[in-house]
Number of protein chains: 2
Amino acid sequence: MGRPKAAPDAEPRREALVLAAYSRLAEAGFEGLRTRDVAAEVGVNIATLHYYFPTKEALIRGVVGHAMGRFRTAFAPGSRPGEQLAAQFQGIRRLAKNEPELFAVMGELALRSARDPAIAAIFKDTIEAWHSTLRTLVGHAQIEGFVDKRLDPDTVASLVIATLNGLFMVPVASSASDRIDKALGQLESFLGLQKRPRPAR
Amino acid sequence: MGRPKAAPDAEPRREALVLAAYSRLAEAGFEGLRTRDVAAEVGVNIATLHYYFPTKEALIRGVVGHAMGRFRTAFAPGSRPGEQLAAQFQGIRRLAKNEPELFAVMGELALRSARDPAIAAIFKDTIEAWHSTLRTLVGHAQIEGFVDKRLDPDTVASLVIATLNGLFMVPVASSASDRIDKALGQLESFLGLQKRPRPAR
DNA sequence: GCCGGTCAATCAATCACTTGATGGAATATA
DNA sequence: TATATTCCATCAAGTGATTGATTGACCGGC
């Protein structure tokens, strides 16, 4: 069936095309995504693109896979238990700084989910996995006394995901970056992760 | 210049076209927005559409105006001071239930803001007004003892907007509606608002 | 000598937008 | 009042530019 996804550089052309499409999608959105531009960015003929991806949809599926991969690995818990929850917040801060295109792409995909069941399913799985991870981390943080034990981990996870989505996937809504910092800090403060609830004034 | 926006039914064709475009945008997104479909939905020729809106962009500007109008009026504070903040939460719950298309459209516009400075400016103004309203309401709620006085109204407003954006403008991310309820309730709880506000005074 | 990979050229479909004409209401003219 | 003229709203039928996708040929390496 599909492709075994072996070594990262097993099919450089294919990979380059996906990356170019990913970049174009971040820059121009689905509305402005043109197969010609993608091919041009890699420096190959359109026919060559269609040699690797028979249809535009196939190329998009490749982009979806790449984006979800970036997203998942970026949120895989890695630190020591007690710091894992805080690490998630740091992780998304770093990600937003280093890979802003990822959030642009995720935003496009989220919107397209409303009309594309295939993307919706993948998206849902990814969010579900993230939710599950967060819920677990909240639970651990509670056991270790970092977070108020009366809070419901599942509910907190939902709130955290919603807020992070709003902050990073709806860029214009949080205009200035200091607004992002404030909102993020306030959420952490509510959770008890941050000992700095000082209202700046 | 422009048009004075007199009585609501002064220019029924123009209004109908904007509403049709709004509906098409909510359903198909910018990616699938076709002037033909808009004209067809109203039941007029494409030339007639171009008679009222010389370009597709002009039609889109009409849609932007309509959407922002809906959004602003829906969040204009109306209740008595002590309940206004809680009313904002109730208001968005009601809006999400009664006019889900509005959030779809706002999502599209938010994403397009990244590439369309004109939309970005309008969007920013709307959010800014909302932010200002929320900040004021939080301040009032603090004075009346509904909300912890140590919180910074500006920061809280940013957090509330971010969360609501994430919940309602990124639909797939909060799959089940009970997740929305949970996250919303948790946010209200953090603020100290009760889900069933007693009749203040 | 075949075959994976590439390209120039082209296709059919679709897009936003235009053209020239038509009917009817409003307005001017006799 | 009767008739001529202007203007508004609408339409059928295009126009040119793009779009995603195809075709057939070329070419180097195994």
Side-chain angles (χ1 to χ4, degrees), chain A residues 2-64 108-109 112 115-116 118-119, chain B residues 1-25 27-64 108-109 112 115-116 118-119:
Chain A
R3 60 198 182 87
K5 188 170 189 175
D9 231 32
E11 289 167 320
R13 265 287 116 97
R14 194 172 219 118
E15 196 67 16
L17 285 166
V18 167
L19 285 178
Y22 174 84
S23 149
R24 289 300 307 150
L25 181 57
E27 208 175 301
F30 274 107
E31 189 190 356
L33 182 62
R34 303 282 172 257
T35 53
R36 283 176 155 80
D37 299 344
V38 173
E41 192 161 314
V42 177
V44 300
N45 192 277
I46 317 175
T48 302
L49 182 149
H50 277 97
Y51 174 78
Y52 289 99
F53 299 94
T55 165
K56 188 183 181 181
E57 277 308 312
L59 178 61
I60 290 177
R61 283 200 299 273
V63 173
V64 172
E108 293 286 341
L109 296 183
R112 198 168 219 246
R115 298 162 213 118
D116 187 329
I119 292 187
Chain B
M1 308 263 317
R3 63 197 180 86
K5 189 170 189 174
D9 232 33
E11 288 168 320
R13 265 287 113 98
R14 195 172 218 117
E15 195 68 15
L17 285 167
V18 166
L19 286 178
Y22 175 84
S23 147
R24 288 300 307 151
L25 181 58
E27 209 175 300
F30 274 107
E31 188 191 358
L33 182 63
R34 305 281 173 257
T35 54
R36 284 165 208 232
D37 300 343
V38 174
E41 192 161 314
V42 177
V44 301
N45 192 277
I46 316 174
T48 301
L49 183 149
H50 278 97
Y51 174 78
Y52 289 98
F53 299 93
T55 165
K56 189 182 181 180
E57 277 308 312
L59 177 61
I60 291 177
R61 282 200 300 274
V63 173
V64 172
E108 293 286 341
L109 296 182
R112 198 170 218 243
R115 297 160 214 122
D116 187 328
I119 292 187

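Residue numbering restarts at 1 for every chain, and letters A, B, ... go by the order of the sequence lines.
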B/S/- contact track for nucleotides 21-30 of chain D, protein heavy atom under 4.0 Å: BBB-------

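- As rounded to whole Å, 11 Å separates atom P of dC15(C) from atom CZ of Arg34(A).
- The closest side-chain heavy-atom distance from Val18(B) to Phe53(B) is below 4.5 Å.
- Between Glu57(B) and Asp116(B), some side-chain heavy-atom pair lies under the 4.5 Å cut-off.
- Residue Tyr51(A) places at least one side-chain N or O closer than 4.0 Å to OP1 or OP2 of dG5(C).
- What you find for Leu49(B) and Thr35(B) is that their closest heavy atoms are CD1-O, 3.6 Å.
- If you measure from atom CG of Asp37(B) to atom P of dT14(C), you get 12 Å, rounded to the nearest angstrom.
- One finds a side-chain N or O of Thr48(B) lying less than 4.0 angstrom from the OP1 or OP2 phosphate oxygen of dC11(D).
- Taking the ring axis of Tyr52(B) as reference, the NZ or CZ atom of Arg13(B) does not stay both within 45° of it and closer than 6.0 Å to the ring centre.
- Listed here is the closest heavy atom pair of Val63(B) and Ala21(B): CG2-CB, 3.4 Å.
- When heavy atoms are screened at a 4.0 angstrom cut-off, Leu33(A) is found touching the sugar-phosphate backbone but no base atom.
- Using a 4.0 Å cut-off, some side-chain N or O of Tyr52(B) falls inside it from OP1 or OP2 of dT10(D).
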Worked verdict on Ile60(B) versus Leu33(B) for side-chain contact (heavy atoms from CB on, under 4.5 Å): CA-CA 10 Å; Ile60(B) 291 177; Leu33(B) 182 63; 4.3 Å; yes

